[in-house]
Peer 1: 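Sharing a structure, written as structure tokens. Questions coming.
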Amino acid sequence: MGPTTALTSVIVGTAGHIDHGKSALVEALTGTHPDRLAEEKRRGITIDLGFAFLEENGVRFGFVDVPGHERFVSNMLAGAAGIDVLLLVIAADESIKPQTREHFDICRLLGVQRGVVALTKSDLVDADTLELVRLEAEEFLRGSFLERAPLIPASAKTGAGLTELKKALHDAAANVVAKNAARYFRLPIDRAFAMKGFGSVVTGTLISGSVGAGDEVELFPGGDRLRVRGVQSGGKTVERATPGQRTAVNLAGIEHTALKRGMVLATPGKFRKTRRIDVRLELLPLARKLKQGARVHFHAGTAETIAQVYFHGEKELPPGGIAFANLKLQDEILVLSGDRFIARLFSPVVTIGGGAVLDPLARRPMLRDTGRMAFLETLERGSREEILAAMTERAILGLGMAEIVARTSWLENEIQETLQKLSSAGRVKVVSLEPLVLVTGKRFEETCQKIVEKVEKFQKENPLQPGIMREDLRSSLGRRVRPETFRAALEELVAQRKLDAPGELVKKAGSGITLQPEEVKAKDQIEAAFAAAGLEVPAAKDVLAKLAVEAKRAEKLLQMLLREKNLVRVSPELIFHRQVLAQLKERLAGYKKSKGDRISVPVFKELTGITRKYAIPLLEYLDRERVTRRAGDERVIL
Ligand SMILES: Nc1nc2c(ncn2[C@@H]2O[C@H](COP(=O)(O)OP(=O)(O)OP(=O)(O)O)[C@@H](O)[C@H]2O)c(=O)[nH]1
Ligand SMILES: [Mg+2]
């Protein structure tokens, strides 16, 4: 491993009103001016995200510098996702201004945990003014995640306060909770470009997992599988980039024009793009109330789209309110459970709130879905066991591994562990491992019970049938019972000796058909009639008519003989005894030995002594049985 991997990597994001000195401060701290566009240099403002690095005392700081202009808040949002430490910049000569508030609200809603406040341009004000601004800032931050953050007067011009600022950034970095590189890889793309000699490159803040040359990654929402040619972090080539690093990924097999901000690179085959999500939505105290069906700008990661809001439960959300909502997105994007998002009003375009994704693959809201609120509550606060149990409960057809991963982002071993706990407590039943299918213990019991009932009912109504056909039984349960669940339930019932399932049949354990003495006799008579007839068989109805039992039961007895294969139906009208057919096959084999393997219809009639009425259906039957094969006017004996 290279030396860079030994460093702690921390992303510092600036925030603050336009012209308050964010970019100048980043330059003073790192030596790199983050503005890179010609237009930015000409106008003296930041338009899009800028980046700079500082390596000091074992910490590698990646700075993301954002624009303060109100028209570029959407660019700011793409940078704010993934920051570990907020560098809130307040100019001492202007104090708190609208985008100071808006940027701060955004960082809070995105769940940023810690930060440092720089009172910049300290060289422009006297000590009294500086003190006043400090008081205003303290007041502004009271009760927030920055309540205890250091407020440091600084000047990019004179260099005052820079040492203290760096120290404060180190202190904050020491408290950043390290993100786990063993989780699924995810890189929201904030830039895409072509590099001479390299091809397509995308950059972003690596928020989860790791990536290295040779990896296969999936591009969302498109779904392309791409190969990683190389990875850089902080301008240096690395073996693997880890979370909390600004990362550039060189991709093979795609034009840079097909890549853009808002797309995401991720571990292949794990996640699904979505247009419907369930969320917790929080409205800012100063926002206007939000009505059912309202449309808002939706930002998550570096992606941006439009969302229509449907509240579960209430009809509208008052300022400062919090509610569960279903969002219908205009474009397909990749968001995962726990991801934060920001909502902005249509007009005027201002930030009104945000929240967290609870279910990235939500269903369309339905009025009769009364369990949804409790389900979302569980997703938000529940343990893994509670969440998995609740998900299983709501998955009528069972729940597979792929779906659990896509909806929770849990690793497979975490799912296995959770499963073990749940199945040993009897709360879920693993009905199949490959593919994984889970049903609740309760639903499994119900299915078993239903199967027994169906079999009993069938046998009661059809006393002369040995049992119900497996496939008929399964389809009688309806589509809500998955084939895997049916199979597992049947196995369980056989193991419990409640049912027998020989071959394609399912019947009550130990049950057989008990015939009345006159039925036994009648059955024998039918069989004997066909055995005696040889190849010139009588019509079935004539045989049955001669019996002492009533017509319906006689028909059942015939069916039994057919099922037992003692009689064989050769054509709709003609039934033969098994032994007669066996003799015929033998005779053909003898013919083949002495006369050759070709036989014509007249010769066949002569050989068997039967008329065309029997000969043609029999030959067609023999063709089907692959005893003979038709070849023009003749048959080949096989
Ligand atoms: N005197 C003085 N001027 C400063 C200081 N910091 C920045 N400036 C000046 O303030 C102006 C704006 O600085 P920027 O760093 O571009 O401000 P910004 O916050 O990045 O602005 P946007 O990115 O457009 O939001 C520039 O002319 C800087 O030279 C400082 O500490 N002291
Ligand atoms: Mg700037």
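Just so you know, ligand 1 is whichever comes first in the structure, and atom 1 is the first atom listed for that ligand.
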Peer 1: May I ask you to check whether F53 and F61 place their ring centers less than 6.0 Å from one another?
Peer 2: no
Peer 1: Would you call R60 and E55 a salt bridge, using N to O less than 4.0 angstrom?
Peer 2: yes
Peer 1: In terms of side-chain geometry, is the basic nitrogen of E40 or R36 positioned less than 4.0 Å from the acidic oxygen of its partner?
Peer 2: no
Peer 1: Please check if the number of heavy atoms outside F198 that lie under 6.0 Å from its CZ is greater than 12.
Peer 2: no
Peer 1: Please write down residue, atom name and distance for the protein heavy atom closest to atom 16 (O) of ligand 1.
Peer 2: G44 O, 4.0 Å
Peer 1: Taking R276 first and then E332, would you say they form a salt bridge - that is, a charged N and a carboxylate O separated by under 4.0 Å?
Peer 2: no
Peer 1: Do me a favour and list the nearest non-hydrogen protein atom to atom 10 (O) of ligand 1 with residue, atom name and distance?
Peer 2: K121 NZ, 3.0 Å
Peer 1: For atom 12 (C) of ligand 1, is some protein heavy-atom partner under 4.0 Å away?
Peer 2: yes
Peer 1: Which ligand 1 atoms are under 4.0 Å away from a heavy-atom of I45?
Peer 2: 24 (O)
Peer 1: For atom 1 (N) of ligand 1, what's the nearest protein heavy-atom neighbour? Residue, atom name and distance, please.
Peer 2: D123 OD2, 2.9 Å
Peer 1: Please determine whether a side-chain nitrogen of the Lys or Arg among D171 and K167 lies less than 4.0 Å from a carboxylate oxygen of the Asp or Glu.
Peer 2: yes
Peer 1: Would a line drawn from the ring center of Y310 to the ring center of F324 be shorter than 6.0 Å?
Peer 2: no
Peer 1: Can a non-hydrogen atom of D19 be found less than 4.0 Å from any atom of ligand 1?
Peer 2: yes
Peer 1: Within the 4.0 Å heavy-atom shell around S23, which atoms of ligand 1 are there?
Peer 2: 15 (O), 18 (P), 20 (O), 23 (O)
Peer 1: Distance check below 2.8 Å: does T14 bring an N, O or S atom to the Mg ion (ligand 2)?
Peer 2: no
Peer 1: Protein non-hydrogen atoms only, distance under 4.0 Å: does atom 27 (O) of ligand 1 have such a neighbour?
Peer 2: no
Peer 1: May I ask you to check whether F341 and H299 place their ring centers less than 6.0 Å from one another?
Peer 2: no
Peer 1: Is the closest N or O pair between G68 and ligand 1 shorter than 3.5 Å?
Peer 2: yes
Peer 1: Quick check on contacts: which atoms of ligand 1 are under 4.0 angstrom from a heavy atom of A24?
Peer 2: 6 (N), 7 (C), 15 (O)
Peer 1: Under 4.0 Å from a heavy atom of K157: give me the atoms of ligand 1 that qualify, with their elements.
Peer 2: 1 (N), 30 (C), 31 (O), 32 (N)
Peer 1: Is R43 salt-bridged to E39, going by a charged N under 4.0 Å from an acidic O?
Peer 2: yes
Peer 1: So, are E304 and R344 salt-bridged, with charged N and O less than 4.0 Å apart?
Peer 2: no
Peer 1: Can an N or O of T46 be found at a distance shorter than 3.5 Å from an N or O of ligand 1?
Peer 2: yes
Peer 1: Between F145 and F104, what is the ring plane arrangement, given parallel below 30°, perpendicular above 60°, and tilted in between?
Peer 2: parallel
Peer 1: For atom 7 (C) of ligand 1, is some protein heavy-atom partner under 4.0 Å away?
Peer 2: yes
Peer 1: Just by distance, do the side chain of T205 and the backbone of R246 share a donor-acceptor pair under 3.5 Å?
Peer 2: no
Peer 1: Regarding ligand 1, does P67 bring an N or O atom to under 3.5 Å of one of the ligand's N or O atoms?
Peer 2: no
Peer 1: How far is atom 31 (O) of ligand 1 from its nearest protein heavy atom, and which residue and atom is that?
Peer 2: A156 N, 2.8 Å
Peer 1: Could you tell me the residue and atom name of the protein heavy atom closest to atom 17 (O) of ligand 1, and the distance to it rounded to 0.1 Å?
Peer 2: G21 N, 3.1 Å
Peer 1: Are any of the N/O atoms in D35 less than 3.5 Å from those in ligand 1?
Peer 2: no
Peer 1: Look only at interatomic distance and state if K22 has a nitrogen or oxygen under 3.5 Å from any nitrogen or oxygen of ligand 1.
Peer 2: yes
Peer 1: Would L124 count as being in polar contact with ligand 1, using the rule that some N or O on each side must be under 3.5 angstrom apart?
Peer 2: no
